[in-house]
There are 2 protein chains.
Amino acid sequence: MGIIERKEREKEEMRRLILDAALRLFREKGLDAVSIRNIAESIEYSPATIYLYYKDKSEILSALQYEAAAVKRDHVMPAAAIENPWERLVEFGRRYVDFGMKHPDLYDLLFITRAPMEFIENQQCWTLGMAVHSFFTETVQACVDQRYFKSTDTETIAYTLWCHAHGLVSLFVRERMRMYPEEKRQELAQKSFAMIVKMAESI
Amino acid sequence: MGIIERKEREKEEMRRLILDAALRLFREKGLDAVSIRNIAESIEYSPATIYLYYKDKSEILSALQYEAAAVKRDHVMPAAAIENPWERLVEFGRRYVDFGMKHPDLYDLLFITRAPMEFIENQQCWTLGMAVHSFFTETVQACVDQRYFKSTDTETIAYTLWCHAHGLVSLFVRERMRMYPEEKRQELAQKSFAMIVKMAESI
DNA sequence: TGTGAAAATAAACACTGTTCAGTATATTTG
DNA sequence: CAAATATACTGAACAGTGTTTATTTTCACA
């Protein structure tokens, strides 16, 4: 009865094959290049075959989002090693922004691209994203507990910091900084990060 | 020689007709519904005719962005009437966020939708956007001049505030606040706005 | 080796943006 | 007014998209 197990395995391998092809297309040529037909061609199968392994395109996109979420987690979580909650929070923020700057395509996919409805049902991705988000809010809570802020409204503090970081990255990612010369944008982002850190010290 | 003038006028009317149809489709059914064929059908012309008045689709999108920019300007500029620069700045921010919340589709078009290259060449839209942006930075400058901030780095202050406001709106617009119950999102946004105002007072 | 199930596909449908050859309409000229 | 020209418009096609269905191929098992 090892056959059904092998079949199961092969099915999983095929899903992986499709996903890797999608991921490669995405990273090499951008989201627009990720079409069912492109994926099919690159793995030398017919487009219809894709539908035997993924319900539709948004399910593939959803899977790509999970990949992106994993890369993001690996990028930011080293901050967890820092004992001091305030330093941990700052390092987390720095790493969050750095992730967005280094992987604009992945950041876009995670936080800007219109989420397909399946996103919600993609428990994996949601769970992973929430784990990182929880780490963030818990760190803010730790800062609150140790009186790093005057305010004790953890939720609003966390959200406000997130707004700034997300705004920072997404203005960059979607090219809304044209009024600043290109060589200055990175510098301005760094200055702004430093400023929000200073501001946060006096919430 | 009034004929060429009439022709000119008719050409302009046709461009307007196309744009209005595009705008209606956009507002009624979203950006995805704005297809050349949909526009053509709704004004009862052939799709090919559209191309006699607009170079391509991105030129139409660009024109839509201009419309959105005008709505935004009308929404935020009443703040200019306020004498006190700090109050003016706060009111501007409030109106900016309010615009995004009330017109998520327009905000999306202006600040999130991937800008077609023509955006840069769309002098009208760029000029209009820059005028509002200049008003914003000048207001920040006025605050700096009157020592409302400790910092004198106008550029970074302005950018930091913008980051927060944009992050606030765009997390909302692109539905990245699912971890908060829906009825709480608006409230959280307001609290966060109040918090950044407080924080700004101590830059 | 034949049979039933599983896997893969060709072909079609309904869309998309865009181009171009050809037609219809309006204006200018003889 | 009629013929020639210029302008406005369109049908049809091309290449692409996501998706579905009927059909064929492949494979495991009796």
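Letters A, B, ... mirror the listed sequences (proteins, then strands); counts begin at 1.
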Full working for side chain to side chain donor-acceptor pair (under 3.5 Å) between B:Asp56 and B:Ser58
CA-CA 6 Å; B:Asp56 55 26; B:Ser58 78; 3.0 Å; yes
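Taking every heavy atom of residues 33-42 of chain A and every atom of DNA chain D, pairs under 4.0 Å involve A:Val34, A:Ser35, A:Ile36, A:Arg37, A:Asn38, by number. Of all the residues in residues 12-31 of chain A, not one reaches under 4.0 Å from DNA chain D with any non-hydrogen atom.
Residue B:Tyr53 is classed as a sugar-phosphate contact, given heavy-atom separations below 4.0 Å to backbone atoms only.
The side-chain tip of B:Lys72 does not point at the ring of B:Tyr107 from less than 6.0 angstrom away and within 45° of straight on. Cation-pi geometry between B:Lys191 and A:Tyr159 is not met at under 6.0 angstrom from the ring centre and within 45 degrees of the axis.
Each of B:Arg73, B:Arg27, B:Arg16, B:Arg24 was checked for a salt bridge (charged side-chain N to carboxylate O under 4.0 Å, His left out) with B:Glu67, and the lone residue meeting it is B:Arg16.
Using a distance-only test at 3.5 Å, with no hydrogens or angles considered, a donor-acceptor pair links the side chain of B:Ser35 to the main chain of B:Asn38. Side chain of A:Arg88 to main chain of A:Ile82: a donor-acceptor pair is present (N/O by atom type, distance under 3.5 Å, no hydrogens or angles).
When side chains are defined from C-beta on, A:Thr156 does not count as touching A:Ser151, because their heavy atoms never get closer than 4.5 Å.
Proximity note for B:Pro47 (side chain, C-beta onward) versus C:dT18, D:dT10, C:dT9: the nearest is C:dT18.
Atom-to-atom, CG of B:Asp32 to C1' of D:dT17 comes out at 13 Å; the value is rounded to the nearest Å.
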